[in-house]
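For reference, the structure discussed in these notes is given below.
Sequence positions, counted from 1, serve as the residue numbers for this chain.
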Amino acid sequence: MKKTLVSLATASLIASTAMAADKGIDIVTTGQAVVYYETHQTNGNNDNITGQNDTEIFDQQSSNANVGVQLNLDADLKNNFTFGSQLTYLGTMGLEKNLVGATKQGGGVTTTSDARDQIALTKIFIAKKIGNTTVKLGRQELPKSLSPFAFSEGWNVFKNTFDAALVVNTDIPDTTVVGAYVAGGNSSINIQNIGDLIGGAVDGTAYMLTVANKSIPMTAITLSYYDLAQISAFTKGDNGVRAMWADVAVAGKELPMGLKFGLQGGQMNPEEKTFDSTEALGARVGMSPIEPLSLCLAYTSVNGSDNKGNLAMKNTGGIKTPLFTQMVYNQDAIALDANTFMVKASYNTGDYGTITAQYAGTSAGKSNLFNRSGKDTDYGEFDLVYKVKAAGVQYFAAFINRSWSEENTAKADSDNRLRVWARYNF
């Protein structure tokens, strides 16, 4: 399987070079190089991730990392056809020898894997524009703004991609209509292998229709509908899910102090009767009382059932949620049977970067994904994030403190994490 990935990637490069030589087509080359590191410490008597006792932050067995390079090859094929491909190397560059014990991203990538495991063709697509309609076929990224249940996540080393057919039309004034057929994808924790949509355990395909409209002044409305087939958790034959999502954003220069408002809501309706539907609601308000300072307050609520199965409000192509209260690590806490509030403040210092402090607290029910020993397990998370760009390199550093109202089997009810990365786009 992985030898095939290398062969496909090599074939893509050879084909692209041949096209450029024979037809005079210009190929635009871009990409990025990334170093990514994370370490953590729990207060339990046994590390519940590595299985090691008495681990400390920066210990090798409680740390993981990746070094990666992506190369994008894009070309205008003329007659309104375009081509895109992306070759990804994801390895460790020997960091496991003295700094880390595992990788952060990569499925097939381990600290001892060779080049066949470390190289993958993460994008390859053809697009055609006809009037106000664009058709894009192949392996590609999908944005959360237009595909809230199947989107590419940017929190890890590299974004995940999907095998999809995408149609985008703008014939209606102030309106974008998007249709998609999504056959599968990799994930934000494993970009090496293309498989089923894993976030919701969707073994079949997904059909999506999204309508985004900006006819109302200062208001953007987005409505999405999904038909998800063959949910692996279903066993009764009626194995599909109908999912809907709505998002309303209000913002404009006319509003005082940079006020912004947002509303969101969604529903997942399983066909199988042993599962209940899942509903989510959210609200957000933001403001900038002074130019460098941004403030945000958000609340989300996702229901749950104590008597039937539930599907979490999560991305089917990764691990995150489309909820306003999504933080660095709280997706499992907020995605099901949870009421969550979040406060956030960001200060832009200019050349010295941006500092963000945010806290989210979750009141959890019995169906929550963090239920421990049959007990309702509330969750809290504090994130302190610093971002700065210097000499063309984007730097990121975050301290994450997580706490639970109940201990796990390792007697741990808190966890501290430090994540740092450097990213150079070329």
Side-chain angles (χ1 to χ4, degrees), residues 142-155 188 199-200 210 212-214 216 218-224 226 243-252 255 257-268 278-289 293-304 310-346 354 356-365 368-370 378-385 387 398 400 402:
L142 296 176
K144 183 172 67 173
S145 59
L146 295 177
S147 182
F149 286 125
F151 61 89
S152 298
E153 298 177 357
W155 62 272
S188 54
T210 290
N213 180 271
K214 295 183 178 180
I216 302 173
M218 299 188 297
T219 304
I221 301 173
T222 306
L223 304 173
S224 296
Y226 287 80
M244 293 166 284
W245 191 259
D247 188 281
V248 179
V250 178
L255 296 175
M257 293 189 298
L259 278 171
K260 299 178 181 180
F261 302 94
L263 294 173
Q264 63 180 192
Q267 187 177 61
M268 301 185 77
T278 307
E279 291 89 23
L281 292 172
R284 177 173 62 186
V285 59
M287 63 183 299
S288 297
L293 178 65
S294 298
L295 304 175
C296 179
L297 177 64
Y299 174 82
T300 59
S301 178
V302 183
N303 72 335
N310 295 107
L311 294 175
M313 283 285 175
K314 275 193 171 188
N315 178 19
T316 60
I319 65 172
K320 300 298 182 180
T321 76
L323 299 170
F324 288 150
T325 53
Q326 177 69 60
M327 302 252 291
V328 176
Y329 252 107
N330 68 341
Q331 56 272 357
D332 284 342
I334 68 176
L336 185 63
D337 202 2
N339 296 311
T340 305
F341 72 90
M342 183 190 76
V343 292
K344 178 180 178 179
S346 294
T354 300
T356 300
Q358 56 187 11
Y359 176 82
T362 298
S363 176
N368 187 272
L369 298 181
F370 268 139
D378 296 338
Y379 175 88
E381 178 177 323
F382 171 76
D383 303 332
L384 183 62
V385 179
K387 296 180 182 179
I400 304 107
R402 311 164 74 203

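In terms of modelled atom types and a separation under 3.5 Å, the side chain of Asp332 and the main chain of Phe370 share no donor-acceptor contact. Judged by distance alone, with hydrogens and angles left aside, the side-chain atoms of Lys314 form no donor-acceptor pair with the main-chain N or O of Pro322 at under 3.5 Å. Side-chain atoms of Glu381 do not come within 3.5 Å of backbone N or O of Met327 as any donor-acceptor pair. Between the side chain of Thr362 and the backbone N or O of Ala338 there is no donor-acceptor pair closer than 3.5 Å.
The two residues Val248 and Thr219 come nearest to each other via the heavy atoms CG1-CG2, 4.0 Å. Counting all heavy atoms, side chain and backbone alike, Leu369 lies closest to Ala335 at CD1-CB, 4.4 Å. Between Ala360 and Asn330, the shortest heavy-atom contact is CB-ND2, 3.9 Å. When every heavy atom of Tyr359 is checked against every heavy atom of Gly380, the shortest pair comes out as OH-CA, 3.8 Å. The shortest heavy-atom contact between Ala280 and Leu323 is CB-CD2, 4.1 Å. The two atoms that bring Ser363 and Asp378 nearest to each other are CA-OD1, 3.4 Å, heavy atoms only.
Under the salt bridge (charged side-chain N to carboxylate O under 4.0 Å, His left out) criterion, Arg284 pairs with no residue at all, not counting sequence neighbours.
Side chain to side chain, Ser346 and Ser294 fail the donor-acceptor criterion of an N or O pair below 3.5 Å. There is no side-chain donor-acceptor pair under 3.5 Å between Gln331 and Thr321.
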Could you go through the side-chain contact (heavy atoms from CB on, under 4.5 Å) check for Ser188 and Trp155 one step at a time? CA-CA 8 Å; Ser188 54; Trp155 62 272; 3.4 Å; yes
Kindly indicate, with the supporting measurements, whether the criterion side-chain contact (heavy atoms from CB on, under 4.5 Å) is fulfilled by Asn339 and Tyr299. CA-CA 8 Å; Asn339 296 311; Tyr299 174 82; 3.3 Å; yes
Does the pair Phe324 and Asp247 meet the rule for a side-chain contact (heavy atoms from CB on, under 4.5 Å), with working shown? CA-CA 10 Å; Phe324 288 150; Asp247 188 281; 3.9 Å; yes
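Classification of Asp383 and Lys344 as a salt-bridged pair fails, no side-chain N sitting under 4.0 Å from a carboxylate O.
Note that CD of Gln326 and OG1 of Thr300 are 9.5 Å apart. Values are rounded to the nearest 0.5 Å.
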